[in-house]
Undergrad: 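Handing you a structure now.
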Amino acid sequence: MKKLAFVILLLISTSAFVNAQNEEYITLGINGGMVNNINGYRKLPNRNNVKFSNGIPGYNVGVDFGIRTSERTRFRFEVRHSEFHYKATWDNSKLEALAAKGDTTALKNHIYKTKVKIWDLAFNLRFDYRIYDSEKWKIFVSPGFLWEMNIDSESKNYIYDVYDKYSYNYDNRSFKRYDYVDFEYPYHILGNSVQLLCKYKIAKHIAITLTPEYYIYYRPFVKRNHNVYQRFNVNAGLEFNF
C-alpha cells in the first residue's frame, strides 16, 4: 500500500513538473496599429492666430520581451516606434483681405497650412496581471511606465491657390524642422500607461493579441498648452511563448 501511494505521489509530482515546464516563462511579441493623440498639439491661438490640431491618425509598431514572475504575473520590456501628424492653420483673414485687394502676388506666397510629421521612439516597462484564463484565452491588465523621445520630424507648407480658394498647392519648401514648431514639442517625455492585453492561442507556442491602450504624460506636449497630453492606441499582433 505504501509503495502504491509512493507511485501515485511520484506520478502527480512528475505531472505537475511537466505542466510547469509548459507554462509561458518567456514571451516575445510583435504588434502594430493606430495612434490617436489627445491634446497632443494644441494651444490657444498666438498673436499670429496660428491654430494647432491633430492631423490624420498615425501608426505605431512595437516589439516586446516578457518574463513570467508568478502564476499570474510577468514583466515585459517593449520598444515602440510611432509616427503621428499635426497641422498648423494660419490666419485666414489675411487671405480674404489680400483677395479683396486683388493682390495675387502676395496671395500666392501666403502659407495657408503647415503639416507636420513626427517620429518617436519609446521604451516601455509593463507589469502584466492575468485576470482571465481559459484553454484558448488569456486576458491581462498591464499598467506601465514609458520614456519617449523624438527621433525626427518633417514639416511641409501648403500655399493658397489664387485660382481656386478651396484648394492648396504644395509649396516646394520643405524643412527638417519647422522653426516655430521646433521648440513646442518635447524631445523627451515621461508617462504612464494602462493596457488590456487579450491573447487567443492559435498554436502551442503562438497567440494572436489585441491590445487597446491608454497613455497619460507628465507634461503637456506643447509647452504653452494647459491641457494634459494623452494618447490612445489600438494594436494587433502575435506573441510567441517558450
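What's counted below: heavy atoms across the whole structure, side chains too, no hydrogens, waters or symmetry copies.
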Undergrad: Any salt bridge (charged side-chain N to carboxylate O under 4.0 Å, His left out) involving residues 25-34? Give me the pairs, sequence neighbours left out, ordered by first then second residue.
TA: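 Every pair satisfying salt bridge (charged side-chain N to carboxylate O under 4.0 Å, His left out) with a residue in residues 25-34: there are none.
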Undergrad: Check Arg126 with Asp64, please: is the shortest side-chain N to carboxylate O separation under 4.0 Å?
TA: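 No, Asp64 and Arg126 are not salt-bridged.
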Undergrad: Compare all side-chain heavy atoms of Leu146 with those of Tyr215 and state whether any distance is below 4.5 angstrom.
TA: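 A side-chain contact under 4.5 Å exists here.
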Undergrad: Which residues pass the salt bridge (charged side-chain N to carboxylate O under 4.0 Å, His left out) test with Asp120, not counting sequence neighbours?
TA: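 Salt bridge (charged side-chain N to carboxylate O under 4.0 Å, His left out) list for Asp120, sorted by chain: empty.
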Undergrad: Sequence neighbours left out, what passes side chain to side chain donor-acceptor pair (under 3.5 Å) with Thr211? Give chain and number order.
TA: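 Per chain and number, Thr211 pairs via side chain to side chain donor-acceptor pair (under 3.5 Å) with no residue.
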Undergrad: To check you understand the geometry: which heavy-atom pair defines the closest contact between Phe232 and Pro212, and what is its length?
TA: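 Heavy-atom minimum between the residues: CZ-CB, 4.3 Å.
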Undergrad: When you look at Thr27 and Arg74, which way does the side-chain hydrogen bond (donor to acceptor under 3.5 Å, both in side chains) test go after all the steps?
TA: CA-CA 10 Å; Thr27 59; Arg74 67 177 179 178; 3.1 Å; yes
Undergrad: Let me check something: do Phe127 and Ile26 share a hydrophobic cluster, defined by ILVMFWY side-chain heavy atoms less than 4.5 Å apart, either directly or through other members?
TA: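 Yes: a chain of side-chain contacts under 4.5 Å links Phe127 to Ile26.
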Undergrad: Can you list the residues that meet the side chain to side chain contact (heavy atoms under 4.5 Å, CB included) rule with Thr69, with sequence neighbours excluded?
TA: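 Here the qualifying residues are Thr73, Phe75.
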Undergrad: side-chain contact (heavy atoms from CB on, under 4.5 Å) between Phe84 and Arg231: does it pass, once the steps are laid out?
TA: CA-CA 11 Å; Phe84 38 94; Arg231 185 180 297 164; 3.4 Å; yes
Undergrad: Can you find a heavy atom in the side chain of Ile189 that is under 4.5 Å from one in the side chain of Arg219?
TA: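 Of all side-chain heavy-atom pairs linking Arg219 with Ile189, at least one is under 4.5 Å.
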Undergrad: To the closest 0.5 Å, what do you measure between CD1 (Ile208) and CG (Asn31)?
TA: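 Result: 13.0 Å between the selected atoms.
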Undergrad: If you link ILVMFWY side chains whenever their heavy atoms are less than 4.5 Å apart, which other residues fall into the same cluster as Phe140? By chain and number, please.
TA: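 Result for Phe140 is Leu197.
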Undergrad: Grouping I, L, V, M, F, W and Y whenever their side-chain heavy atoms are under 4.5 Å apart, do Val141 and Ile67 come out in a common cluster?
TA: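 Cluster IDs for Val141 and Ile67 match.
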Undergrad: Among all residues two or more places apart in sequence or in another chain, which pass the side chain to side chain contact (heavy atoms under 4.5 Å, CB included) test with Ile206?
TA: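 Ile206: side chain to side chain contact (heavy atoms under 4.5 Å, CB included) contacts with Ile202, Ala203, Leu238, Phe240.
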Undergrad: Who passes ring pair (Phe, Tyr, Trp, His ring centres under 6.0 Å) against Tyr217, sequence neighbours left out?
TA: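 Tyr217 satisfies ring pair (Phe, Tyr, Trp, His ring centres under 6.0 Å) with Tyr229 once adjacent residues are dropped.
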Undergrad: If you measure from CG on Asp133 to NZ on Lys199, what distance do you get to the nearest 0.5 Å?
TA: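 Reported value, rounded in 0.5 Å steps: 9.0 Å.
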Undergrad: Measure the shortest side-chain to side-chain distance between Val194 and Glu213 over non-hydrogen atoms and say whether it is less than 4.5 angstrom.
TA: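 Result no, sub-4.5 Å side-chain heavy-atom pair not found.
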Undergrad: Which distance, rounded to the nearest 0.5 Å, do you find between the CG of Asn36 and the CD1 of Ile56?
TA: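 Rounded to the nearest 0.5 Å, the CG-CD1 separation comes to 12.0 Å.
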Undergrad: For Asn60, check side chain to side chain contact (heavy atoms under 4.5 Å, CB included) against everything at least two apart and list the hits.
TA: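 Asn60: side chain to side chain contact (heavy atoms under 4.5 Å, CB included) contacts with Val35, Arg80, Ser82, Asn233, Asn235.
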Undergrad: Is the shortest side-chain heavy-atom distance between Glu71 and Arg130 below 4.5 Å?
TA: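 When only atoms from C-beta onward are counted, Arg130 and Glu71 do touch, with a gap below 4.5 Å.
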Undergrad: Would you give the length of the straight line joining atom OH of Tyr59 to atom CE of Met34, rounded to the nearest 0.5 angstrom?
TA: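 So the gap between those two atoms works out to 15.0 Å.
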Undergrad: Does Tyr200 have any ring pair (Phe, Tyr, Trp, His ring centres under 6.0 Å) partners at least two apart in sequence or in another chain, and if so, which?
TA: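 Listed in chain order: Trp137.
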Undergrad: With ILVMFWY side chains joined below 4.5 Å, transitively, what does Val61's cluster contain besides itself?
TA: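 Val61 shares its hydrophobic cluster with no other residue.
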Undergrad: Assess, by modelled atom type and distance only, whether the side chains of Thr209 and Glu239 contain a donor and an acceptor separated by less than 3.5 Å.
TA: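 No - no donor-acceptor pair under 3.5 Å links their side chains.
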Undergrad: Check for a donor-acceptor pair, side chain of His205 on one end and backbone N or O of Phe242 on the other, with a separation under 3.5 Å.
TA: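 Absent.
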Undergrad: Are Tyr25 and Asn241 linked by a side-chain donor-acceptor pair shorter than 3.5 Å?
TA: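 No donor-acceptor contact under 3.5 Å links the two side chains.
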Undergrad: Glu83: what forms a side chain to side chain donor-acceptor pair (under 3.5 Å) with it, not counting sequence neighbours?
TA: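 If we apply the side chain to side chain donor-acceptor pair (under 3.5 Å) test to Glu83, skipping adjacent residues, the hits are His85, Trp119.
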Undergrad: Partners of Phe77 by side chain to side chain contact (heavy atoms under 4.5 Å, CB included), sequence neighbours excluded?
TA: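 Here the qualifying residues are Val79, Phe123.
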Undergrad: Indicate if Leu196 and Ile216 have the same hydrophobic cluster label, given that clusters are the connected sets of ILVMFWY residues with side-chain heavy-atom separations under 4.5 angstrom.
TA: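 Yes, it is one cluster - the side chains of Leu196 and Ile216 are joined through contacts under 4.5 Å.
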Undergrad: Evaluate the side-chain contact (heavy atoms from CB on, under 4.5 Å) criterion for residues Gln230 and Asn37: first the C-alpha distance (whole Å), next the side-chain angles of each, then the deciding distance (0.1 Å), finally the verdict.
TA: CA-CA 6 Å; Gln230 303 158 74; Asn37 284 301; over 6 Å; no
Undergrad: Using modelled atom types only, decide if a donor and an acceptor are shared between the side chain of Asn39 and the backbone of Val228 within a distance under 3.5 Å.
TA: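 At least one qualifying donor-acceptor pair exists.
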Undergrad: First locate atom CZ of Phe145, then atom CG of Asn192, and finally report the distance between them rounded to the nearest 0.5 Å.
TA: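 Rounded to the nearest 0.5 Å, the CZ-CG separation comes out at 7.0 Å.
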